[in-house]
Amino acid sequence: MAVTDPLGDLLTRIRNGQRARKDSVLSPASKLRVRVLDVLQREGYIRGYSEEELALGKGASTKGVRIELKYFEGQPAIKHVARVSKPGRRIYSGATELPRVMNGLGITIVSTPKGVLSDAEAREQNVGGEVLAEVF
């Protein structure tokens, strides 16, 4: 079945995996998903990720990503993850108007001309772009 919002699918897999107390979850790979995972790893929300082959059945396979989830004293490191800009309604923000999540305790993931960055990195580099997700 085709996925209309690949990034929303990735965030939902992470959310569901943490609610089920999984050590890791699998997701199909794409450049955007890997860049978002880079930001989550840099900011300390996941332990890491690794690329691997996913078997589709009948000898077919595709590239996938195994995401190592992170917990702190038995609680998920990610308390809230939500997609901001959706396929039906894109949300863009300039460098000075980037939203702050939980008064700076969380992050906003932004797709900029300089790559996928956290809101703090985007402010530091003075670039804006599409607001992909918020995490805290």
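Quick caveat: nothing in here was measured; it's all calculated off a predicted structure.
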For the atom pair CD1 (Ile14) and NZ (Lys22), what is the distance rounded to the nearest 0.5 Å?
-> 15.0 Å
Greater than 12 external heavy atoms within 6.0 Å of Glu124's CD | no
Check whether any side-chain heavy atom of Asp5 sits under 4.5 Å from a side-chain heavy atom of Arg83, and report yes or no.
-> yes
Rounded to the nearest 0.5 Å, what separation is found between the CG atom of Asn103 and the CG atom of Leu105?
-> 7.0 Å
Looking only at heavy atoms, which two atoms of Pro99 and Arg123 are closest? And how far apart?
-> O-NH2, 3.6 Å
Any side-chain heavy atom of Ile78 sitting closer than 4.5 Å to one from Tyr45?
-> yes
Give the intermediate values and the outcome of side-chain contact (heavy atoms from CB on, under 4.5 Å) for residues Gln125 and Leu117.
-> CA-CA 10 Å; Gln125 296 183 23; Leu117 306 171; 3.9 Å; yes
Take Glu51 and Val34 through the side-chain contact (heavy atoms from CB on, under 4.5 Å) test and state the conclusion after the steps.
-> CA-CA 9 Å; Glu51 296 187 30; Val34 170; 4.0 Å; yes
Check whether more than 12 heavy atoms from other residues, nucleotides or ligands sit under 6.0 Å from atom CZ of Arg89, and answer yes or no.
-> no
Go through the steps to decide whether Arg66 and Ser24 satisfy the test side chain to side chain donor-acceptor pair (under 3.5 Å), and finish with yes or no.
-> CA-CA 6 Å; Arg66 178 170 297 280; Ser24 65; 3.0 Å; yes
One should read off an interatomic distance between Asp38 CG and Ser118 OG, to the nearest 0.5 angstrom, of 12.0 Å
Look at the side chain of Tyr49 and the backbone N and O of Gln41, then say whether any donor-acceptor pair between them is shorter than 3.5 Å.
-> no
Closest contact, heavy atoms only, Asp9 versus Val3 = CB-CG1, 3.8 Å
Do Val81 and Val131 belong together in a cluster built from hydrophobic side chains that touch within less than 4.5 Å?
-> no
Flag yes if more than 12 heavy atoms outside Lys86 fall under 6.0 Å of its NZ atom; otherwise flag no.
-> no
Which pair of non-hydrogen atoms, one from Lys79 and one from Pro76, has the smallest distance, and what is that distance?
-> NZ-O, 3.4 Å
Transitively linked via ILVMFWY side-chain contacts under 4.5 Å: Val25 with Leu32?
-> yes
Indicate the atoms forming the closest heavy-atom contact of Ser85 with Arg90, along with that distance.
-> OG-CA, 3.1 Å
Donor-acceptor contact present, side-chain Gln18 to main-chain Lys70, <3.5 Å | yes
State, with a plain yes or no, whether a side-chain heavy atom of Thr108 is found less than 4.5 Å away from one of Leu98.
-> no
Are Val110 and Tyr92 connected, step by step, through hydrophobic side chains (Ile, Leu, Val, Met, Phe, Trp, Tyr) whose heavy atoms are closer than 4.5 Å?
-> no
Nearest non-hydrogen partners of Val36 and Leu132, listed with the distance | CG2-CD1, 4.2 Å
With sequence neighbours excluded, tell me which residues meet salt bridge (charged side-chain N to carboxylate O under 4.0 Å, His left out) with Glu43.
-> none
Are the side chains of Leu56 and Ser61 in touch, meaning some heavy atoms are under 4.5 Å apart?
-> no
For Thr112 and Val116, indicate whether the former's side chain and the latter's backbone hold a donor-acceptor pair under 3.5 Å.
-> no
What's the shortest heavy-atom distance between Leu54 and Lys63, and which atoms?
-> CD1-O, 4.3 Å
When you check the gap from the basic side-chain N to the acidic O, do Arg42 and Glu121 get nearer than 4.0 Å?
-> yes
State, with a plain yes or no, whether a side-chain heavy atom of Arg13 is found less than 4.5 Å away from one of Pro28.
-> yes
CD1 (Ile109) and CG (Asp119) are apart, to the nearest 0.5 Å, by 9.5 Å
Taking a hydrophobic cluster as the set of Ile, Leu, Val, Met, Phe, Trp and Tyr residues connected by side-chain heavy atoms closer than 4.5 Å, whether directly or through intermediates, do Leu40 and Leu10 fall within one such cluster?
-> yes
Do Leu37 and Ile67 touch side chain to side chain, with heavy atoms closer than 4.5 Å?
-> yes
To the nearest 0.5 Å, atom CD of Glu68 lies from atom CD1 of Ile46 at 9.0 Å
Which is it for Ile107 and Val39 under the side-chain contact (heavy atoms from CB on, under 4.5 Å) test, yes or no, and what are the steps along the way?
-> CA-CA 10 Å; Ile107 64 166; Val39 172; 4.1 Å; yes
